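Reckoned from all heavy atoms, side chains included, excluding hydrogens, waters and symmetry mates. These figures come from a predicted structure and were not determined experimentally. Order of the sequence lines fixes the chain letters, A, B, ..., with proteins taken first and strands second; residue numbering starts at 1 for each chain.
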Protein chains: 2
Amino acid sequence: MRKVAESTVRRLSLYLRFLEEFEHDGVATVSSGALASRGGTTSAQVRKDLSFFGSFGKRGLGYPVPELAGRLRQILGLERRWRVAVIGAGKIGGALVQYRGFQQRGFDIIAIFDADPGKVGRQWNGLRIHDVSQLERDLAGTPVDIAVLVTPADVAQPLTDRLVKLGVKAILNFAPIQLSVPDEVAVKTVNLALELETLSYALVNR
Amino acid sequence: MRKVAESTVRRLSLYLRFLEEFEHDGVATVSSGALASRGGTTSAQVRKDLSFFGSFGKRGLGYPVPELAGRLRQILGLERRWRVAVIGAGKIGGALVQYRGFQQRGFDIIAIFDADPGKVGRQWNGLRIHDVSQLERDLAGTPVDIAVLVTPADVAQPLTDRLVKLGVKAILNFAPIQLSVPDEVAVKTVNLALELETLSYALVNR
DNA sequence: GTTTGTGAAACGATTCACAGCT
DNA sequence: AGCTGTGAATCGTTTCACAAAC
């Protein structure tokens with residue numbers, strides 16, 4: 001079960017969303033074709049994706065909606081809650097902290113940090129913004145699973161090094177920089193400028 | 001020159017960022033290896049990526065930094081400015097409007113829309129928030145190249161249809177939904193929940 | 001000697017197609 | 001009859017390796 005493509009994991013995440021809609025509508029079983037059409041892919045792709053993790057369907061019938069949703073939650077690690085620290089209390093950090101989707105999906109923001117003394121001490125969503133210089137002290141007894149980096153590019157790498165030393169095993173990075181981390185740490189970078197530039201490319205190349 | 005992989009375009013965008021740093025530091029030429037190490041890829045990959053668009057280097061020497069940067073800007077469509085409309089004046093929309101990277105890279109936000117009467121009429125960064133019901137009237141004489149969708153999922157598709165009818169040719173979508181558009185319209189979806197779930201998957205699978 | 005540009009090889013992901021179960 | 005599960009075929013991307021240019 002090791003060595004599943006990232007593209008597969010992303011699709012599983014989409015399938016889960018669709019399954020939850022089907023579940024909500026009281027649909028009992030769903031075919032790979034139905035799942036595929038909702039997700040812009042093919043039925044063969046859906047079956048192949050699921051086959052990496054087991055066989056959950058019944059031939060001639062399809063997949064039982066609640067069971068498959070449950071298995072996907074299990075596979076994606078959504079049956080437990082994750083402890084998230086947000087580093088950077090700027091506009092994007094603020095939007096993220098407010099975003100209810102985090103909580104809903106099992107991601108609990110347990111701490112917010114910033115370097116600006118004007119922001120430190122303020123409350124956001126009931127959480128006090130801490131001084132990032134106290135990162136090590138404040139997180140000493142508090143395991144953090146995921147750090148969300150929402151800082152300027154120039155401090156992102158040193159902060160990453162500190163977070164890794166604190167035992168953080170996954171980083172969602174919004175700084176426009178390619179972070180270097182040890183192999184055992186997972187990083188996902190969201191780079192808005194880059195997304196816009198792929199659109200710009202698409203606009204000039206047609 | 002048609003049919004270049006999206007992964008290639010994304011890397012070109014990264015290379016451009018590095019080239020601009022080299023340019024700033026007064027470096028005159030750069031090898032594919034140097035570019036690769038900054039971007040977490042290989043020298044062969046860099047050369048292959050560039051080879052889709054021409055040959056810009058000198059054997060034995062490397063690539064002339066300012067020339068290559070210029071060519072990449074050209075390829076990526078960053079030599080002109082793009083007109084961007086933001087649909088949705090929520091937290092994320094606000095963060096985007098404030099984000100200086102847009103302006104810097106040639107993306108001018110020319111209009112903001114929202115459905116909430118409490119927000120319509122307010123000023124954001126010198127731009128008045130317009131009523132989204134007036135989208136067609138307000139954009140009638142104003143060509144929009146790119147729309148940034150920052151709305152709830154349930155209104156994203158109908159809004160997309162209206163935007164496409166208005167001639168928008170590219171959409172940066174933050175709504176957690178798979179948009180359907182005609183072939184000639186480019187869509188990039190940024191789905192934060194999905195990014196978090198890939199991290200969650202990485203955390204449980206090691 | 002160094003580094004590009006590029007066919008060819010290797011690798012990885014998607015699609016096909018069908019046997020096997022319900 | 002319908003739909004899954006999966007090897008095999010196909011397609012696309014990355015890496016290799018080397019001749020050509022400087």
Side-chain angles (χ1 to χ4, degrees), chain A residues 1-15 18-19 22 27-72 75 178 198 201-202 205, chain B residues 1-15 18-19 22 27-72 75 178 198 201-202 205:
Chain A
M1 176 181 131
R2 196 54 27 89
K3 205 75 264 290
V4 173
E6 160 139 355
S7 51
T8 294
V9 177
R10 297 179 74 87
R11 281 191 301 267
L12 292 183
S13 196
L14 290 176
Y15 303 156
F18 304 146
L19 284 167
F22 286 126
V27 180
T29 51
V30 76
S31 70
S32 56
L35 228 33
S37 67
R38 290 284 276 97
T41 181
T42 65
S43 62
Q45 181 78 78
V46 171
R47 295 198 300 278
K48 184 63 88 176
D49 286 341
L50 296 175
S51 77
F52 290 120
F53 301 93
S55 41
F56 311 120
K58 283 224 178 344
R59 292 164 194 238
L61 248 174
Y63 300 89
V65 171
E67 281 90 326
L68 183 56
R71 282 298 278 121
L72 288 184
I75 290 162
Q178 154 99 13
T198 65
Y201 175 83
N205 291 281
Chain B
M1 176 181 130
R2 197 51 31 87
K3 204 76 263 288
V4 172
E6 159 138 355
S7 52
T8 294
V9 176
R10 297 179 73 88
R11 281 191 301 267
L12 292 183
S13 197
L14 290 175
Y15 303 156
F18 305 146
L19 283 167
F22 285 127
V27 179
T29 51
V30 77
S31 70
S32 56
L35 228 32
S37 67
R38 291 285 275 100
T41 180
T42 65
S43 62
Q45 181 77 79
V46 171
R47 295 198 301 279
K48 184 64 90 178
D49 285 341
L50 296 175
S51 77
F52 290 121
F53 300 94
S55 42
F56 311 120
K58 281 223 178 347
R59 290 162 197 242
L61 247 176
Y63 300 88
V65 170
E67 280 91 326
L68 183 56
R71 280 298 279 119
L72 288 184
I75 291 162
Q178 154 102 13
T198 66
Y201 174 83
N205 290 281

Search all heavy atoms of A34(A) against all heavy atoms of S37(A) and return the closest pair with its distance.
-> O-OG, 3.0 Å
Taking all non-hydrogen atoms of both residues into account, name the closest pair between S43(B) and A36(B) and its distance.
-> N-CB, 3.5 Å
Rounded distance in Å - NZ (K58(A)) to C1' (dA1(D)) = 18 Å
For DNA chain C, which residues in residues 30-42 of chain A have a heavy atom at a distance below 4.0 Å?
-> T42(A)
Please give the angle, rounded to 10 degrees, between the axes at the start and the end of the helix from dG1(C)-dC22(D) to dT22(C)-dA1(D), where five pairs define each axis.
-> 0°
Rounded distance (Å) that lies between atom P of dT6(C) and atom CD of Q45(B) = 15 Å
Steps toward side chain to side chain contact (heavy atoms under 4.5 Å, CB included) verdict (S32(A), Y63(A)) | CA-CA 8 Å; S32(A) 56; Y63(A) 300 89; 4.0 Å; yes
Taking the side chain as C-beta and beyond, is there a heavy-atom pair between L50(A) and L72(A) under 4.5 Å?
-> yes
Rounded to whole angstrom units, what separation is found between the CG atom of L61(B) and the P atom of dG1(C)?
-> 17 Å
Could you state the atom-to-atom distance from CG of L68(B) to P of dT4(C) in whole Å?
-> 11 Å
Y63(A) side chain N/O closer than 4.0 Å to the phosphate oxygens (OP1, OP2) of dG5(D)?
-> yes
Should L19(B) and L35(B) be marked as a side chain to side chain contact (heavy atoms under 4.5 Å, CB included) after you check the CA-CA gap, both sets of side-chain angles, and the distance that decides it?
-> CA-CA 8 Å; L19(B) 283 167; L35(B) 228 32; 4.2 Å; yes
Checking side chain to side chain contact (heavy atoms under 4.5 Å, CB included) for the pair F53(B)/V4(B): CA distance, chi angles, key distance, verdict?
-> CA-CA 9 Å; F53(B) 300 94; V4(B) 172; 3.8 Å; yes
Looking only at dG5(D), dT6(C), dT14(C), the nucleotide nearest the R47(B) side chain is dT6(C)
Nearest heavy atoms of P64(B) and T29(B), plus distance in Å = CA-CG2, 4.0 Å
Grab the CZ-P distance between R10(B) and dT14(D) for me, whole Å please.
-> 12 Å
Between protein and nucleic acid, restricted to nucleotides 19-21 of chain C and to nitrogen or oxygen atoms under 3.5 Å apart, what atom pairs and distances do you find?
{"residue": "dG20(C)", "atom": "N3", "partner": "R59(A)", "partner atom": "NH1", "Å": "3.2"}

From OG1 (T41(B)) to CG (L14(B)), nearest 0.5 Å = 9.5 Å
How many angstroms lie between atom CD of Q45(B) and atom OH of Y15(B), to the nearest 0.5 angstrom?
-> 5.5 Å
Using a 4.0 Å heavy-atom cut-off across all strands, classify S43(B) as base, sugar-phosphate, or nothing.
-> nothing
Rounded distance (Å) that lies between atom P of dT13(D) and atom CG of D49(B) | 11 Å
Applying salt bridge (charged side-chain N to carboxylate O under 4.0 Å, His left out), which residue pairs with at least one partner in residues 28-53 of chain B are found, sequence neighbours left out?
-> R11(B)-D49(B), E21(B)-R38(B)
To the nearest angstrom, how far is F56(B) atom CZ from dG5(C) atom P?
-> 8 Å
Determine the minimum heavy-atom distance between A28(A) and P66(A), stating which atoms define it.
-> O-CD, 4.0 Å
Grab the CG-P distance between L50(B) and dT6(C) for me, whole Å please.
-> 11 Å
State, yes or no, whether a side-chain contact exists between L12(B) and Y201(A) at a heavy-atom distance under 4.5 Å.
-> no
Considering only nitrogen or oxygen atoms on both sides, find all protein atoms under 3.5 Å from nucleotides 7-11 of chain D and state each distance.
{"residue": "dG7(D)", "atom": "N7", "partner": "K48(A)", "partner atom": "NZ", "Å": "3.4"}

Nearest-0.5 Å distance, NZ of residue K58(B) to OG of residue S31(B) | 15.5 Å
Salt bridge (charged side-chain N to carboxylate O under 4.0 Å, His left out) with E67(B): which residues, sequence neighbours excluded?
-> none
